[in-house]
Student: 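Okay, handing you the structure first.
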Amino acid sequence: MALRQSVSHITKRATQSQITTVSASPVFALWKSDLKGNGVHQRNGMATMVPPVTQDATGSKGPTAMVFMNMGGPSTTDEVGDFLSRLFADGDLIPLGRLQGYLGPLISRRRTPKIQKQYAAIGGGSPIRKWSEYQSSEMCKLLDKMSPETAPHKPYVAFRYADPLTEEMYTKLLDDGFGGGRGGRAVAFTQYPQYSCSTTGSSLNDIWRWRNRLEGKRATGEVVPEGSITWSVIDRWPVHPGLVEAFAENIEKTLATYPAEKRDKVVLLFSAHSLPMSVVNRGDPYPAEVGATVYAVMQRLGMKNPYRLVWQSQVGPSAWLGAQTSDTVQEYVKKGQTDLVLIPIAFTSDHIETLYELDHEIIGEAGQEGIKRAESLNGSPTFIQALADIAHAHLKSDIACSPQMMLRCPGCNSERCLEQKKFFASQQQQL
Ligand SMILES: C=CC1=C(C)c2cc3[nH]c(cc4nc(cc5[nH]c(cc1n2)c(C)c5CCC(=O)O)C(CCC(=O)O)=C4C)c(C)c3C=C
Ligand code: FES
Ligand SMILES: [Fe+2]
């Protein structure tokens with residue numbers, strides 16, 4: 001450890017003098033693919049030929065890669081099969097043990113036609129790629145102004161189960177001049193506001209895995225080669241005031257469509273994707289963090305309406321966290337409560353669970369004009385500003401990852417979790 005620290009110290013000093021002589025040109029030139037084809041990638045084994053990207057003549061430590069992690073969704077119905085097969089192959093989401101390789105493809109093949117019909121009904125595909133690309137590039141524009149010392153900020157999207165996959169994102173990072181002997185800084189920014197080991201945890205495991213494959217072991221066998229990308233993580237932001245404000249604005253817009261005399265009696269139903277009870281009982285932080293978001297939004301709304309947090313989209317026969325959103329709507333209608341606003345609270349853009357399950361199945365089938373849905377955050381300027389504020393605070397902090405991310409679930413026995421956390425913690429020495 002001491003050796004690595006001193007080597008990195010020497011490299012940082014070397015970097016500064018090297019860069020000032022190499023480049024009076026804009027910092028952009030360093031990350032653009034203009035160095036491509038010069039044997040610059042570590043994959044090509046000639047890493048030290050190229051100037052590192054950690055400091056330029058203007059004093060900026062940029063460029064900084066801002067990597068938006070999410071699950072992704074099929075953009076067309078033809079992509080549904082591949083999306084599901086990757087999803088059921090992921091032991092961090094659906095642990096099937098030694099049967100994963102056999103059961104995963106079997107279940108995904110069986111499920112494909114049903115899910116294809118659902119994506120066809122919402123216009124032929126998931127809008128998550130469009131929204132992720134928009135949100136990340138708009139956020140980077142704001143960050144360039146807010147944080148010139150880490151500019152330029154370059155947006156990347158890394159999906160777990162659909163294009164652009166983590167592998168594609170990592171390859172692009174290297175092609176754009178990050179890593180490969182030149183160092184450079186990347187931030188893994190989860191787009192799940194609340195942390196679950198089955199979502200953010202799985203995406204972090206994937207970045208760690210591709211980092212090892214594409215940048216990891218060299219001839220020396222060293223685990224953290226000099227000049228590889230320095231990673232830090234934004235792992236959760238369940239009660240960020242900008243997030244809370246963005247949710248509250250969309251709820252208020254929907255409440256404003258009810259007659260004034262009814263408005264305060266409308267029940268707010270916050271709906272989040274459920275978790276299997278086995279994951280809850282393993283000690284996953286997600287249910288508590290979703291609860292924290294809901295409570296913060298209710299405080300911002302002045303606690304004017306009654307509310308419940310309910311859970312949707314359970315898959316398969318095992319026990320899942322309830323109450324289920326669909327049952328709740330039916331029960332409240334039976335009890336005579338027909339003014340309800342459904343609020344998707346654990347996802348930041350539209351997807352099959354809002355557009356099909358909530359709008360089509362639950363609201364459509366209830367057939368009550370008083371049952372509505374708050375718009376997803378999608379292109380909300382308040383939300384995009386919140387993303388920039390979260391990223392800015394993270395970049396200023398020089399903290400590789402939160403102490404909370406270091407604590408494993410009490411019931412965790414995954415080697416992947418252990419190694420991934422060790423890796424991201426080790427990045428503190430490089431910052
Ligand atoms: C915070 C959000 C999500 C959590 C937590 C989550 C956990 C989780 N999901 C499954 C199984 C499936 N999820 C599927 C689709 C899907 N899941 C989420 C979000 C969370 N999942 C979204 C947004 C989507 C849709 C993607 C899109 O349209 O953009 C699917 C595929 C659809 C289906 O077959 O029904 C499965 C399967 C588990 C097992 C799990 C927790 C362990
Ligand atoms: S399952 Fe939560 S840390 Fe491994
Ligand atoms: Fe899911």
Side-chain angles (χ1 to χ4, degrees), residues 69-75 77 79-81 83-96 104 107-119 121-132 159-162 190-205 235-236 238 271-287 289-290 293 311-318 320-321 344-358 361 376 404-422:
M69 302 183 291
N70 213 330
M71 63 186 311
S75 294
T77 50
E79 293 171 26
V80 171
F83 170 70
L84 289 182
S85 71
R86 291 185 193 111
L87 197 141
F88 282 96
D90 179 6
D92 297 322
L93 183 79
I94 302 172
L96 298 171
I107 304 170
S108 60
R109 260 200 310 276
R110 287 233 178 125
R111 220 173 152 74
T112 296
K114 176 183 156 195
I115 303 300
Q116 270 176 328
K117 278 194 199 118
Q118 296 183 359
Y119 280 102
I122 64 162
S126 173
I128 188 172
R129 181 171 189 167
K130 177 189 89 179
W131 285 122
S132 302
F159 284 153
R160 188 66 188 83
Y161 312 116
T190 185
Q191 291 305 302
Y192 303 98
Q194 305 93 1
Y195 191 99
S196 170
C197 297
S198 57
T199 55
T200 299
S202 170
S203 284
L204 289 171
N205 286 351
D235 64 329
R236 72 199 75 207
S271 183
H273 195 300
S274 185
L275 279 187
M277 284 312 291
S278 55
V279 178
V280 176
N281 292 335
R282 191 169 67 193
D284 197 87
Y286 171 83
E289 293 188 10
V290 177
T293 309
W311 307 89
Q312 66 176 92
S313 318
Q314 63 177 64
V315 191
S318 64
W320 286 63
L321 182 61
I345 197 72
F347 221 66
T348 57
S349 59
D350 275 323
H351 51 92
I352 198 163
E353 265 110 42
T354 51
L355 299 170
Y356 189 82
E357 192 176 347
L358 290 184
E361 288 190 329
S376 298
Q404 179 66 351
M405 190 179 128
M406 288 304 105
L407 182 66
R408 290 167 74 200
C409 295
C412 172
N413 46 30
S414 158
E415 279 295 307
R416 283 189 296 275
C417 291
L418 177 66
E419 293 304 321
Q420 171 256 105
K421 285 175 195 297
K422 270 201 244 164

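Remember, it's 1-based here, ligands and their atoms both numbered in the order they're listed.
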Student: Checking the N or O distance criterion of under 3.5 Å, is ligand 1 in contact with S126?
Tutor: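 Yes, S126 has an N/O under 3.5 Å of an N/O on ligand 1.
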Student: For H273, is at least one N or O under 3.5 Å away from an N or O on ligand 1?
Tutor: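 The answer is yes, given that H273 and ligand 1 share an N or O pair closer than 3.5 Å.
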Student: What atoms of ligand 2 come closer than 4.0 angstrom to any heavy atom of C197?
Tutor: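 Taking each heavy atom of C197 in turn, ligand 2 has 1 (S), 2 (Fe), 3 (S) under 4.0 Å.
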Student: Considering only heavy atoms of L84, which atoms of ligand 1 have at least one such atom less than 4.0 Å away?
Tutor: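 Going through ligand 1 atom by atom, the ones under 4.0 Å from L84 are 31 (C), 34 (O).
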Student: CD1 of I128 to CG of D350: how many Å apart, nearest 0.5 Å?
Tutor: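 CG of D350 is found 10.0 Å from CD1 of I128.
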Student: How long is the span from the CG atom in L204 to the NZ atom in K421, to the nearest 0.5 Å?
Tutor: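 It is 7.5 Å, given to the nearest 0.5 Å.
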Student: CH2 of W131 to CZ of F347: how many Å apart, nearest 0.5 Å?
Tutor: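 Atom-to-atom, W131:CH2 and F347:CZ are 14.0 Å apart.
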Student: Looking at I94, which atoms of ligand 1 are within less than 4.0 Å of one of its heavy atoms?
Tutor: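 Counting from 1, the qualifying ligand atoms are 39 (C).
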Student: Under 4.0 Å from a heavy atom of R111: give me the atoms of ligand 1 that qualify, with their elements.
Tutor: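 In order of number, 33 (C), 34 (O), 35 (O).
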Student: Rounded to the nearest 0.5 Å, how far does OG of S203 lie from CD of Q420?
Tutor: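 Those atoms lie 10.0 Å apart.
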Student: Using a strict cut-off of 4.0 Å, indicate which atoms of ligand 1 neighbour a heavy atom of F347.
Tutor: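 The atoms of ligand 1 under 4.0 Å from a heavy atom of F347 are 23 (C).
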Student: Tell me which one of E415, R282, R408 gets a heavy atom nearest to atom 1 (S) of ligand 2.
Tutor: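 Shortest heavy-atom distance from atom 1 (S) of ligand 2: R282.
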Student: As an exercise, identify every atom of ligand 1 less than 4.0 angstrom from a heavy atom of I115.
Tutor: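 The atoms of ligand 1 under 4.0 Å from a heavy atom of I115 are 33 (C), 34 (O), 35 (O).
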Student: Which option wins on minimum heavy-atom distance to atom 42 (C) of ligand 1: L93, D90, L87?
Tutor: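 Among L93, D90, L87, the closest heavy atom to atom 42 (C) of ligand 1 belongs to L93.
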Student: Would you please say whether a donor-acceptor pair under 3.5 Å links the side chains of S202 and D90?
Tutor: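 Yes.
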Student: Will you find, in the side chains of R129 and S75, an N or O donor that is under 3.5 Å from an N or O acceptor?
Tutor: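 Side chains of R129 and S75: no pair found under 3.5 Å.
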Student: Mind checking whether W320 and H273 have parallel, tilted or perpendicular rings, split at 30° and 60°?
Tutor: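 Aromatic pair W320/H273 classed tilted.
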Student: Only heavy atoms of S198, strictly under 4.0 Å: list the atoms of ligand 1 that pass.
Tutor: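 Those of ligand 1 that fall under 4.0 Å from S198 are 41 (C), 42 (C).
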Student: Quick one: pull up OG in S196 and CZ in R236 and give me the separation to the nearest 0.5 Å.
Tutor: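 Between S196 OG and R236 CZ, I get 10.0 Å after rounding to 0.5 Å.
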Student: Any N/O/S of C412 under 2.8 Å from atom 2 (Fe) of ligand 2?
Tutor: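 No - counting backbone and side chain alike, C412 has no N, O or S atom under 2.8 Å.
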Student: Tell me which protein heavy atom sits closest to atom 11 (C) of ligand 1, plus the residue, atom name and distance to 0.1 Å.
Tutor: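 Nearest neighbour among protein heavy atoms for atom 11 (C) of ligand 1, to 0.1 Å: V315 CG2, 3.9 Å.
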Student: Do we see a donor-acceptor contact under 3.5 Å between the side chains of Q191 and S132?
Tutor: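 The criterion, which ignores hydrogens and geometry beyond distance, is not satisfied for S132 and Q191.
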Student: Just which atoms of ligand 1 are under 4.0 Å from any heavy atom in F88?
Tutor: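 This gives 37 (C) as the contact atoms.
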Student: Considering non-hydrogen atoms of the protein only, which is the closest contact for atom 24 (C) of ligand 1, and what is the distance?
Tutor: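 I find the closest protein heavy atom is E353 OE1, 3.1 Å.
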Student: CE/M71 to OG/S198 distance, rounded to the nearest 0.5 angstrom?
Tutor: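 It is 9.0 Å, given to the nearest 0.5 Å.
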Student: Heavy-atom distance under 4.5 Å between the side chains of W311 and V290, does that happen here?
Tutor: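 A side-chain contact exists here, since the closest heavy-atom pair is under 4.5 Å.
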Student: Where's the contact between M71 and ligand 1, heavy-atom distance under 4.0 Å: side chain, backbone, both or neither?
Tutor: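 Within the 4.0 Å criterion, M71 contacts ligand 1 through side-chain atoms alone.
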Student: Please check this pair: side chain of S274 against backbone of L321, looking for a donor-acceptor N/O pair closer than 3.5 Å.
Tutor: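 Pair found, side chain donor or acceptor close to backbone of L321.
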Student: Nearest to atom 3 (S) of ligand 2, what protein heavy atom do you find, and at what distance?
Tutor: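 Minimum-distance protein heavy atom for atom 3 (S) of ligand 2 reads C409 N, 3.4 Å.
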Student: For ligand 1, is P276 a contact, meaning one of its heavy atoms is under 4.0 Å away?
Tutor: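 Within the 4.0 Å threshold, so yes.
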Student: Please state which protein non-hydrogen atom is closest to atom 28 (O) of ligand 1 and give its distance, to 0.1 Å?
Tutor: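 For this ligand atom, the closest protein heavy atom is Y119 OH, 2.5 Å.
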Student: Does Q194 use its side chain to pair, donor to acceptor, with the backbone of I345 at less than 3.5 Å?
Tutor: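 Yes: the side chain of Q194 pairs with the backbone of I345.
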Student: Any N/O of W320 closer than 3.5 Å to an N/O of ligand 1?
Tutor: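 N/O-N/O distance under 3.5 Å: no.
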Student: Which ligand 1 atoms are under 4.0 Å away from a heavy-atom of T199?
Tutor: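 With T199 as reference, the close atoms of ligand 1 come out as 3 (C), 4 (C), 5 (C), 6 (C).
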